[in-house]
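The structure appears right after this line, and notes come after that.
From a predicted model like this one, the values you see are computed outputs, not experimental measurements. Worth knowing before you read on, the calculation uses all heavy atoms, side chains too, and leaves out hydrogens, waters and symmetry mates.
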Amino acid sequence: MTVNDRPAAAYELAQVNIARLKAPLDSPQLKDFVDALDPVNAVADASDGFVWRLQSDSGNATDVPVLGDDWLIINMSTWRDIDALTAFMYQGQHRELLARRRDWFERLQEAVTALWWVPAGHRPTVAEAEERLLHLRAQGATRYAFTLRASFPPGSDGPRED
């Protein structure tokens, strides 16, 4: 049996999103965002279908380097499936934060979010997430890295399509 023959339950959805800060995290401009991090992460942690999220000793990942840019912050997690991730993203406190994202983050022209399937229990690394995001930027949505609008089913985590 090859990895692509696994049943859907053998996979989890990995997601990464990055954002470029408009100001330092300790600035008054980002106070509401920073104050909301712990409560929103607690909601995510308790959400149906949530599996794992990247965090440092701070309890979040705002101090985890990404793409060699000190103004970028990263959020990375794994979920049971696309429906579970979507339900969390567009409800409650997270939805409220999404509505205010332009207050805190620059608008970037390139893709800032990538999704991909991982074997259940796999915890993606930042390097893996960077690779998937850069692939999506260069190639568009493929089985290797995709978006909510252009997604692929579990088990289609095949080789990179360059």
Side-chain angles (χ1 to χ4, degrees), residues 11-45 47 50-79 82 84-86 88-119 121-152 157-162:
Y11 290 92
E12 294 166 349
L13 181 70
Q15 75 79 29
V16 63
N17 66 77
I18 60 170
R20 183 183 306 265
L21 299 169
K22 285 186 170 181
L25 282 169
D26 61 357
S27 69
Q29 184 177 349
L30 268 68
K31 183 179 183 340
D32 290 348
F33 169 73
V34 171
D35 288 349
L37 279 173
D38 288 342
V40 170
N41 284 336
V43 170
D45 293 351
S47 293
F50 171 83
V51 178
W52 167 87
R53 70 180 164 87
L54 175 67
Q55 55 186 311
S56 67
D57 291 340
S58 67
N60 59 60
T62 57
D63 57 348
V64 175
V66 60
L67 293 173
D69 184 334
D70 292 339
W71 286 93
L72 287 176
I73 59 172
I74 186 172
N75 173 282
M76 185 166 53
S77 55
T78 57
W79 295 79
I82 289 174
L85 173 61
T86 303
F88 164 72
M89 286 177 54
Y90 297 115
Q91 294 179 15
Q93 288 179 301
H94 189 267
R95 181 180 179 167
E96 294 169 20
L97 288 184
L98 276 178
R100 294 197 54 203
R101 67 186 175 273
R102 299 290 173 246
D103 294 345
W104 307 310
F105 309 119
E106 292 180 15
R107 185 178 188 111
L108 300 178
Q109 295 304 310
E110 61 268 0
V112 295
T113 302
L115 308 173
W116 68 100
W117 295 104
V118 296
H122 175 71
R123 302 299 174 248
T125 64
V126 172
E128 182 181 343
E130 290 172 334
E131 182 180 323
R132 301 285 179 148
L133 187 57
L134 293 174
H135 178 85
L136 178 65
R137 289 176 176 180
Q139 305 295 321
T142 66
R143 295 179 306 154
Y144 189 73
F146 52 90
T147 66
L148 286 175
R149 288 190 182 121
S151 63
F152 292 80
D157 62 330
R160 286 178 46 161
E161 298 170 5
D162 292 327

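Not one N or O on the side chain of S27 forms a donor-acceptor pair closer than 3.5 Å with the backbone of A23. Between the side chain of S58 and the main chain of T62, no donor-acceptor pair closer than 3.5 Å is present. The main-chain N or O of L25 is never found under 3.5 Å from a side-chain atom of K31 such that the two would form a donor-acceptor pair. Formation of a donor-acceptor pair under 3.5 Å by the Q15 side chain with backbone atoms of T113 is not found in this model. Under the 3.5 Å distance criterion, the side-chain polar atoms of T147 are matched with a main-chain donor or acceptor of A150. Distance alone, capped at 3.5 Å, places no donor-acceptor pair between the R132 side chain and the A114 backbone.
Taking 4.5 Å as the limit, every side-chain heavy atom of W71 sits out of range of all side-chain heavy atoms of K22. For the pair F105 and V112, the minimum side-chain heavy-atom distance is 4.5 Å or more. Side-chain contact between N75 and S77: present, with at least one pair of heavy atoms (C-beta onward) separated by less than 4.5 Å. With a 4.5 Å cut-off on side-chain heavy atoms, T125 and L54 do not count as touching.
Put simply, the residue from N60, T78, D45 that forms a side chain to side chain donor-acceptor pair (under 3.5 Å) with R53 is D45. A side chain to side chain contact (heavy atoms under 4.5 Å, CB included) with L72 is found for exactly one of V64, L21, V66, namely V66.
In this structure, F88 has its ring center closer than 6.0 angstrom to the ring center of W79. Checked against the 6.0 Å centroid criterion, the rings of Y144 and W116 do not qualify as a close aromatic pair.
Annotation for P65 and V126: closest pair O-CG1, 3.6 Å, computed over non-hydrogen atoms. The shortest heavy-atom contact between A111 and L133 is O-CD1, 3.5 Å. L136 and A145 get closest at one heavy-atom pair: CD1-O, 3.5 Å.
Q29 and D103 share no donor-acceptor pair across their side chains, judged by distance under 3.5 Å alone. The closest side-chain donor-acceptor pair between H135 and E130, if any, does not fall under 3.5 angstrom.
How far CG of N17 is from CD1 of I74: 8.0 Å, rounded to the nearest 0.5 Å. To the nearest 0.5 Å, atom CE of residue M89 and atom CG of residue L85 are 5.5 Å apart. Between the OH atom of Y11 and the CH2 atom of W117 there is a distance of 10.0 Å, given to the nearest 0.5 Å. Between the CD1 atom in I73 and the CH2 atom in W104 there is a gap of 10.0 Å [rounded to 0.5 Å].
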Derivation and outcome, salt bridge (charged side-chain N to carboxylate O under 4.0 Å, His left out), residues E128 and R123: CA-CA 10 Å; E128 182 181 343; R123 302 299 174 248; over 6 Å; no
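In this structure, R102 places its CZ atom where more than 12 heavy-atom neighbours from other residues, nucleotides or ligands lie under 6.0 Å away.
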